[in-house]
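First up is the structure itself, then whatever we jot down about it.
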Amino acid sequence: MSDVKKIQMTTPLVEMDGDEMTRVLWRMIKDLLIEPFVALRTEYYDLGLNERERTRDQVTVDAAEATKRLGVAVKCATITPNAQRVEEYKLSHMWKSPNATIRAMLDGTVFRAPILARGIQPSVRSWIKPITVARHAYGDVYRNAEIRVPGPGSAEIVFTGTDGIQQRQPICDFAGPGVLQGMHNTDASIGSFARACFTYGLDVKQDVWFATKDTISKTYDHHFKDVFQAIFDAEYAEKFRAAGIEYFYTLIDDAVARIIRSQGGMVWACKNYDGDVMSDMVATAFGSLAMMTSVLVSPDGKFEYEAAHGTVTRHYYRYLKGEATSTNPVATIFAWSGALRKRGELDALPDLCAFADRLEKAVLDTIEGGRMTGDLAGLFEGEAEVLTSEGFLRAVAEVLI
C-alpha cells in the first residue's frame with residue numbers, strides 16, 4: 001500500500017519501545033496492523049533495559065519530556081529491574097520503574113478498564129458493565145526511601161521546614177536488624193488525582209468511588225479522603241447531581257466486597273499501590289491481564305497509552321529458543337489504537353479516529369469469531385481456535401483489510 005493511500009498524520013506520537021516479548025509483539029503490530037494503513041509518524045524512544053542502562057535512564061526522562069511537548073504517547077511494557085535482573089542484564093544500577101518516572105513527571109492519573117468481548121464471561125457472574133480503576137500515579141511506595149536496619153537502634157521521621165522548624169515522629173525502637181521505608185505525597189498531586197477522577201466520572205456518567213484505609217492510616221490516608229471531599233464539595237457536587245451520578249468514600253475493605261457484588265459500571269479511584277493491585281484483579285476477573293486498556297492522563301491534558309501487563313518474560317525465553325508462543329497482544333494493540341484515536345481527535349483527523357475504531361473492531365471480531373490466543377481459549381463459550389501470537393495478528397489483519 002503506497003503512502004498516497006495511507007491515512008496521513010500531522011503531529012507525531014511519542015513512541016516508547018520496551019522489553020522482551022512485548023517488544024517482539026510491538027514490531028509485529030506495527031508491521032501488520034498499523035503501517036500498511038497509516039503513514040505513521042512517531043518520535044521514537046527506546047526504553048528497553050539495555051538503552052536505559054546505556055543512557056543512565058536519561059532516555060526515560062527524554063520520553064516523558066517529549067510527551068509533555070507532543071501531547072500523546074504510546075508505550076510498550078518495560079522491565080522494572082530487581083536484583084535478579086541487575087545480574088541478568090549486567091546493570092550498573094537498579095533503575096527505577098519507567099512508568100513511575102513518567103507518571104511522576106506528568107503528574108497524571110492512570111485509568112484502566114477491561115476490554116469486553118462476547119463469549120468471554122467475567123469470573124464474577126454479576127459483572128455486566130466494565131469497571132474502570134483510576135490509579136493515582138504519583139508517590140507512595142513507588143517513590144519511597146528505604147533503609148536496611150543493621151542492628152539495634154531507634155528510628156524516627158524528621159521534617160525540617162524552610163523556616164528551620166522541625167517535626168519529629170518516632171517510628172520504632174529496633175531490638176535487632178530490620179527494614180525501614182518512608183513514603184510521601186503532595187497536596188497538589190492528590191488534588192490533581194481527585195479532579196481527574198471527578199472529571200472522568202462526569203465524562204462517562206458513572207459513579208465515582210474512592211477507597212483507602214484511613215481507619216489505620218489516620219494521617220496519610222485520611223488526608224487523601226479530606227482532599228477528595230473538599231474538592232468534590234467545592235467544584236463537583238452540583239455537576240454530579242445534574243448528571244445523576246454520585247461520589248462516595250468507603251474503606252477499601254468495604255469497596256472490595258461491594259465491587260464483587262456489583263454489576264460494575266463505576267470508576268473506582270485508588271491510591272497508587274492499591275490501584276496497581278486492584279486493576280490486575282479486575283482485569284483477571286474479566287478474562288485476562290492482556291484484555292485491559294490503560295491511559296495516563298495529566299492535569300493539563302497529556303495522554304500516554306500503554307498495556308497494563310508486564311513484558312511476558314516466560315514467553316520471551318521460549319521465543320528465544322525458537323518456540324512458537326501464544327502471547328495475547330490485545331492490550332498492546334489497544335494502546336496503539338487509543339493513542340492514534342487521541343492524536344486524531346486533537347489534530348482533527350477523522351480518518352485516523354475511524355481507523356482506530358476499525359482496528360479495535362477487527363480485534364474483537366476475530367476473538368468473537370472463535371480465533372484467539374491460548375489465555376482466552378479456556379474462557380471462551382464456544383469453539384475456540386488457538387493461534388500463535390503472530391497467527392492472531394495475521395487473523396486480525398485479514399479482518400481489518
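- Atom CG of residue Leu13 and atom NZ of residue Lys75 lie 15.5 Å apart, to the nearest 0.5 angstrom.
- Taking the side chain as every heavy atom from C-beta outward, Val282 and Val133 approach each other to under 4.5 Å.
- Judged by distance alone, the side chain of Thr22 and the main-chain N or O of Gly18 form no donor-acceptor pair under 3.5 Å.
- Using modelled atom types, one side-chain atom of Ser279 and one backbone atom of Asp276 make a donor-acceptor pair closer than 3.5 Å.
- Aromatic ring pairs are classed by plane angle as parallel below 30°, tilted from 30° to 60° and perpendicular above 60°; the pair Trp336 and Trp26 is tilted.
- Asp107 and Ser298 are not linked by any side-chain donor-acceptor pair at a separation below 3.5 angstrom, with hydrogens and angles left out of the test.
- Ring pair Phe198/Phe232 is tilted by interplanar angle, where 30° to 60° counts as tilted.
- With contacts defined as side-chain heavy-atom distances shorter than 4.5 Å, the pair Met281/Val277 does not qualify.
- Surrounding OH of Tyr319 are at most 12 heavy atoms belonging to other residues, nucleotides or ligands under 6.0 Å away.
- Ser337 places no side-chain N or O within donor-acceptor distance of the main-chain N or O of Ala356, the cut-off being under 3.5 Å.
- Judged by distance alone, the side chain of Asp140 and the main-chain N or O of Tyr142 form no donor-acceptor pair under 3.5 Å.
- Distance alone, capped at 3.5 Å, places no donor-acceptor pair between the Glu156 side chain and the Arg168 backbone.
- A cation-pi arrangement, defined by a distance under 6.0 Å to the six-membered ring centre and an angle within 45 degrees of its axis, is present between Lys239 and Tyr236.
- Under a cut-off of 6.0 angstrom, the local environment of CD in Gln181 is crowded, with over 12 non-hydrogen atoms contributed by other residues, nucleotides or ligands.
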Applying side chain to side chain donor-acceptor pair (under 3.5 Å) to Tyr44 and Asp17, what does each step give before you reach the verdict? CA-CA 8 Å; Tyr44 179 85; Asp17 212 342; 2.7 Å; yes
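- No salt bridge links Asp274 with Lys213; every basic N to acidic carboxylate O contact stays at or beyond 4.0 Å.
- Between Trp95 and His93, the angle of the ring planes lies from 30° to 60°, which puts this pair in the tilted group.
- Put simply, the side chain of Glu65 reaches to within 4.5 Å of the side chain of Met105, judged on heavy atoms.
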What's the verdict on side-chain contact (heavy atoms from CB on, under 4.5 Å) for Glu306 and Asn99, showing C-alpha distance, side-chain angles and the deciding distance? CA-CA 10 Å; Glu306 61 177 340; Asn99 290 340; 3.3 Å; yes
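- Donor-acceptor pairing under 3.5 Å is recorded for the side chains of His223 and Asp187.
- For the side-chain contact (heavy atoms from CB on, under 4.5 Å) with Leu47, the qualifying choice from Asp57, Thr55, Thr78 is Thr78, the only one to do so.
- Within the 4.5 Å cutoff, the side chain of Asn185 has heavy atoms near those of the His136 side chain.
- The 12-atom threshold is exceeded at CZ of Arg318, counting heavy atoms of other residues, nucleotides or ligands nearer than 6.0 Å.
- The line from NE2 of His315 to OG1 of Thr325 is 6.0 Å long, rounded to the nearest 0.5 Å.
- Summarising the local packing, CZ of Arg27 is surrounded by more than 12 heavy atoms from other residues, nucleotides or ligands at distances under 6.0 Å.
- Counting only heavy atoms from C-beta outward, the side chains of Leu400 and Arg358 approach each other to under 4.5 Å.
- Looking at heavy atoms from C-beta onward, Arg103 lies in side-chain contact with Arg135 at the 4.5 angstrom threshold.
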Applying side-chain contact (heavy atoms from CB on, under 4.5 Å) to Val38 and Gln8, what does each step give before you reach the verdict? CA-CA 6 Å; Val38 177; Gln8 301 298 308; over 6 Å; no
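- A donor atom on one side chain and an acceptor atom on the other are not found under 3.5 Å apart for Tyr316 and Thr327.
- In this structure, the ring of Tyr249 has its center no less than 6.0 angstrom from the ring center of His222.
- A salt bridge links Arg241 with Glu238; the closest basic N to acidic carboxylate O contact falls under 4.0 Å.
- A donor and an acceptor atom, one from each side chain of Asp19 and Thr311, are nowhere located under 3.5 Å apart.
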Under the criterion salt bridge (Lys or Arg N to Asp or Glu O under 4.0 Å), I'd like the reasoning laid out for Glu35 against Lys6: C-alpha separation, chi angles, the key distance, then a yes or no. CA-CA 8 Å; Glu35 290 181 333; Lys6 292 182 180 181; over 6 Å; no
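- Salt bridge status for Glu383 with Arg371: absent, with no side-chain N to carboxylate O gap under 4.0 Å.
- How far CZ of Arg69 is from NZ of Lys302: 10.5 Å, rounded to the nearest 0.5 Å.
- The shortest distance between side-chain heavy atoms of Val59 and Val61 does not fall below 4.5 Å.
- A 4.5 Å side-chain heavy-atom check between Leu116 and Pro114 finds at least one atom pair inside the cut-off.
- Counting only N and O atoms by type, the side chains of Gln263 and Ser126 include no donor and acceptor under 3.5 Å apart.
- Within the model, atoms CZ of Arg341 and CG of Leu359 stand 9.0 Å from one another, a figure rounded to the nearest 0.5 Å.
- For the residue pair Ser294 / His309, no side-chain donor-acceptor distance below 3.5 Å is found, with atom types taken as modelled.
- Aromatic rings from Phe334 and Tyr305 are positioned such that their centres are separated by 6.0 Å or more.
- One side chain, Tyr138 or His184, offers a donor N or O that lies under 3.5 Å from an acceptor on the other.
- For Phe248, the CZ atom sits in a packed shell: over 12 heavy atoms of surrounding residues, nucleotides or ligands are nearer than 6.0 Å.
- In this structure, Asn82 contributes its side chain and Gln84 its backbone to a donor-acceptor pair below 3.5 Å.
- Summarising the geometry, atom OG1 belonging to Thr373 is positioned 9.5 Å from atom CG belonging to Leu393; distances are rounded to the nearest 0.5 Å.
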Please test Asp214 against Lys225 for salt bridge (Lys or Arg N to Asp or Glu O under 4.0 Å), starting from the C-alpha separation and ending with a verdict. CA-CA 8 Å; Asp214 71 298; Lys225 175 184 175 182; 3.7 Å; yes
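- Dense packing is recorded around NZ of Lys68, with more than 12 heavy atoms of other residues, nucleotides or ligands lying under 6.0 Å away.
- Side-chain atoms of Asp207 and Tyr247 form no donor-acceptor pair, as typed in the model, at a separation below 3.5 Å.
- With rounding to the nearest 0.5 Å, the separation of CZ in Arg52 from CG in Asp46 is 9.0 Å.
- Applying the 6.0 Å contact sphere to CD of Gln167 captures no more than 12 heavy atoms from other residues, nucleotides or ligands.
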Would Met291 and Ile367 satisfy side-chain contact (heavy atoms from CB on, under 4.5 Å), going step by step from the backbone distance to the final call? CA-CA 11 Å; Met291 296 288 286; Ile367 295 170; 4.1 Å; yes
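- Counting non-hydrogen atoms of neighbouring residues, nucleotides and ligands closer than 6.0 angstrom, the CD1 atom of Ile128 exceeds 12 such neighbours.
- Ion pairing between a basic and an acidic side chain is recognised when a charged N comes within 4.0 Å of a carboxylate O; Arg85 and Glu20 show such pairing.
- Asn144 and Glu146 share a side-chain donor-acceptor pair at under 3.5 Å.
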